[in-house]
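Residue numbers start from 1 in every chain, and the chains themselves are labelled A, B, ... in the order their sequence lines are given, proteins ahead of strands.
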Amino acid sequence: MEEINELIEQRKKKLGELRSIGTDPYDEGFSAAHYAAELINKHGESDHDTLEAANLRCSVAGRILAMRNFGKLAFIHIADASDERIQLCFARDILQDKYPIIKKFDVGDIVGVSGRLFKTKTGELTVEVHEFKIVSKSLRPLPEKWHGLTDVETRYRQRYVDLIVNPAVKKTFAMRSRIIKAIRDFLETKGFIEVETPMMHPIAGGAAAKPFKTFHNALDIDLYLRIAPELYLKRLLVGGYDKIFEINKNFRNEGISTKHNPEFTMIEFYIAYKDYKFLMDFTEELICDAALRSVGSLKFKYGELDIDLTPPWKRLTFFGALEEKGLPEGTARDPEKSVEWARRHGINIPKDLPEGKLIFDEIFSELVEPTLVQPTFITDYPVEISPLAKRKKDNPALVDRFELFVVGRELANAFSELNDPIDQRGRFQAQSEAKKMGDEEAHAMDEDFLRALEYGMPPAAGEGIGIDRLVMLLTDSHSIRDVILFPQLKPEQ
RNA sequence: GCGCCACUAGCUCAACGGUAGAGCAGCGGACUCUUAAUCCGUUGGUUGAAGGUUCAAAUCCUUCGUGGCGCACCA
């Protein structure tokens, strides 16, 4: 950090001068009776004479964002947590010998004032300041008022500055809060209870991903940050819960991109005695409810795309979707034929694809996923890529599972949970084989989870929804970093 | 991990081989209804870092750093 900065020195000097006249900007603070938004909503429409007659007293506190000084009169705009700006008017006639203190103000300082509401000649609701106090002196200059802060690196690294000067950012995170609250309320209304399961796992299971590894000194064991809560939540189904959910972080030790942050928020919920078909209707209801309570509509823009969440959403089977693109299931299931087909259609198949990985999965993500702009359920996945899902009754090669896609991205993954402990053991064993063949992300065997299933887990359906991606969709954000307050970056220097 | 692009004053940007500049912010001054206030004056730079080419480098080359985007992996 560059400490020798003239601008900071000047502000420190002002701080010293304030202290020398007996007013410490960092002392006990200020208690405001009003929010800016409250005053503007209540009195913003009142005319000049009404306000004069009412003689309304008020107090507000906030950060100085703009100052216009006229020698014996000054107008200052502050913003507070209500996300509104309100104008303050400092007049020498009123403040007398205290008036010169405003020379020590800087944009960025936090001030508390009390006074009387009035309307200026231009009709703006304004506080005529009678008493004021700097409650926090800002030593660093804020970005310029007109262009603001646009440098994305600074915006992410110094999110506090981004939040001060870019109102749209606060709006996005207010939306995020509303979306998560909507989901919580929805599930609680349906009788779900929220639980918390471990973030540190001795075995990283419940998803196909590379974990972060850590070490517990006292226990002298390796632990992994969880890649999914799934296996713990299902243990709770064994324990007798029938409707549970968890909203929390997962950690995956993989690449960072506009759609991936190493730590990201998922909701997983489980409901006993229901299946994946139930969850499709349930998901439509849940996401529409979240959209209505955040966006306020089921129709909205995502970039150039017009998205319409009005149910029912399109439903396609996995191989049906491939077939629509001209790839018959028979060909898709034959590794050699499907590679040949992919090459012929110009689909890039990575050369170092691990043995355990399946070609049709690659083809699906290249060929089908990008076309799924409007909400679409893809159902009936192959068992090989679904080691925790229940097989279809009439076709054991497929499972009772769906993934939800919107704007070409996976938003949710759900299935009827496999509760046959013997089948589950076999699936884990198949995953172990894949791991030996070089698939780093294959599931690990989890003996305790199998023991739990052996006690008997009721039939159940479970689903995971990527909260960050849902927030991206509903806030028209095109990078996951725009919906995470502090996205992962390399340390400075 | 690979490729492309960017990095110049606190912020937003010029200068693209020939003396590093503007606007805003800051500092000094004028101003009692402004809102990107206005007017006069003025400070501020190891041009991301280190090497190299050149009489001369912000500018060309190399390496490194950080970021963005794309690809890969995944959600």
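If you check every strand for non-hydrogen atoms under 4.0 Å, A:R85 touches nothing. Residue contacts shown for A:T150 are limited to sugar-phosphate atoms, with no base heavy atom under 4.0 Å away. Across all strands, A:G148 comes closer than 4.0 Å only to sugar-phosphate atoms, never to a base (heavy-atom distances). Within the 4.0 angstrom heavy-atom criterion, base atoms lie near A:N261. Note on A:L489: only backbone sugar-phosphate atoms sit closer than 4.0 angstrom, heavy atoms only; bases stay farther off. If you check every strand for non-hydrogen atoms under 4.0 Å, A:G466 touches nothing. Counting non-hydrogen atoms under 4.0 angstrom, A:D151 reaches the backbone sugars and phosphates but no base. Among the atoms of the strands shown, only primed sugar atoms or phosphate atoms (P, OP1, OP2) are found under 4.0 Å from some heavy atom of A:K14. Backbone-only engagement by A:R157 is indicated by non-hydrogen atom pairs under 4.0 Å involving sugar-phosphate atoms exclusively.
Of the possible polar contacts, none joining the A:Q488 side chain to the A:I256 backbone as a donor-acceptor pair under 3.5 Å is found.
Counting to the nearest Å, the P atom of B:U12 and the CG atom of A:N166 are 10 Å from each other. When rounded to the nearest whole Å, the span between CG of A:L473 and P of B:A75 equals 19 Å. One interatomic measurement links the two molecules: CD1 of A:I256 to P of B:C71, which rounds to 17 Å at whole-angstrom precision. Whole-Å rounding puts the A:Q87 CD to B:U32 P distance at 17 Å. A straight line from CD of A:E492 to P of B:C64 spans 21 Å, rounded to a whole angstrom. Between the P atom of B:G67 and the CD atom of A:Q158 lies a distance of 14 Å, rounded to the nearest Å. Rounded to a whole Å, the CD1 atom of A:I164 is 15 Å from the C1' atom of B:A25. In this structure, A:N69 places its CG atom 11 Å from C1' of B:A37, rounding to the nearest Å.
Comparing A:K210 and A:T258 along RNA chain B, the residue whose closest nucleotide (by nearest heavy atom) sits nearer the 5' end is A:T258. Nearer the 5' end of RNA chain B, as judged by each residue's closest nucleotide, is the contact made by A:K72, out of A:K72 and A:N413.
Ring centroids of A:F360 and A:Y381 are separated by 6.0 Å or more, keeping the two rings apart. A ring-centre distance under 6.0 Å is found for A:F105 and A:F90.
When Watson-Crick and G-U wobble pairs are counted only if both distances are under 3.5 Å, B:A36 pairs with no nucleotide at all. B:U53: no Watson-Crick or G-U partner with both key distances under 3.5 Å is found in any strand. B:G10 is paired with B:C24 under the Watson-Crick or G-U wobble criterion, all donor-acceptor distances under 3.5 Å. Under the Watson-Crick and G-U wobble criteria, each requiring two contacts below 3.5 Å, nucleotide B:C2 is paired to B:G70. With both pairing distances under 3.5 Å, B:G45 is matched to nothing as a Watson-Crick or G-U wobble pair.
A side-chain contact (heavy atoms from CB on, under 4.5 Å) with A:L187 is found for one member of A:I271, A:I247, A:I267 and no other, namely A:I267.
Taking atom P in both B:G17 and B:G26, one finds a spacing of 36 Å when rounded to whole Å. B:U12 and B:C16 are spaced 22 Å apart, taking the P atom of each and rounding to whole Å. Comparing B:G48 with B:U59, their P atoms sit 8 Å apart, to the nearest whole Å. Going from the P atom of B:A58 to that of B:A15 covers 16 Å, rounded to whole Å. One P atom belongs to B:G44, the other to B:G10, and the distance between them is 12 Å to the nearest Å. Spacing between B:U63 and B:G70 at atom C1', rounded to whole Å, works out to 24 Å. Nucleotides B:C64 and B:C27 have their C1' atoms positioned 39 Å apart, rounded to a whole Å. On the P atoms, B:C13 is 24 Å away from B:C4, given to the nearest whole Å.
Comparing B:C11, B:G68, B:A37 against the side chain of A:R481 picks out B:G68 as the nearest. Here the nucleotide nearest the side chain of A:W146, chosen from B:U32, B:G29, B:A36, is B:A36. Between B:G67, B:A75, B:A25, one nucleotide has an atom nearer to the side chain of A:R252 than all others, and that is B:A75. If you check B:A37, B:G26, B:U12 against the side chain of A:K145, the one that comes closest is B:A37. Closest to the A:S257 side chain, of the nucleotides B:G67, B:C11, B:A72, is B:A72. When the nucleotides B:C31, B:G26, B:U66 are ranked by their closest atom to the side chain of A:F70, B:C31 comes out on top. Here B:A75 is the nucleotide among B:A75, B:U34, B:U12 with the atom lying nearest to any side-chain atom of A:E410. Taking every side-chain heavy atom of A:F264 into account, B:A75 is the closest of B:U12, B:U34, B:A75. Candidate nucleotides B:U34, B:A36, B:C33 were compared by shortest atom distance to the side chain of A:E124, and B:U34 ranks first. Among the nucleotides B:G67, B:G26, B:C24, the one closest to any side-chain atom of A:V152 is B:G67.
Between the side chain of A:E144 and the base of B:G23 there is at least one donor-acceptor pair of N/O atoms closer than 3.5 Å. A donor-acceptor contact under 3.5 Å is formed by the side chain of A:D93 with the base of B:U32.
Ionic pairing of A:E45 and A:K119 is not present here: no N-O contact between side-chain nitrogen and carboxylate oxygen is shorter than 4.0 angstrom. Between A:E124 and A:R85, none of the side-chain N atoms (NZ, or NE/NH1/NH2) sits under 4.0 Å from a carboxylate O, so this pair counts as no salt bridge.
Judged by distance alone, the side chains of A:N41 and A:H43 never bring a donor and an acceptor atom under 3.5 Å apart. At a cut-off of 3.5 Å, with distance as the only test, a side-chain donor of A:T197 or A:R226 sits close to an acceptor on the other residue.
By the 30° and 60° cut-offs, the orientation of the rings of A:H201 relative to A:Y232 is tilted.
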Quick one: do A:E38 and A:K42 satisfy side chain to side chain contact (heavy atoms under 4.5 Å, CB included)? Show the steps, please. CA-CA 6 Å; A:E38 190 183 344; A:K42 254 190 222 163; 4.1 Å; yes
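A close approach under 4.0 Å does occur between a side-chain nitrogen or oxygen of A:R68 and OP1 or OP2 of B:A37. Between A:K490 and the phosphate of B:U66, there is a side-chain N or O to OP1/OP2 separation shorter than 4.0 Å.
Per the stacking criterion (ring centres < 5.5 Å, plane angle < 30°), A:F75 stacks onto the base of B:U34.
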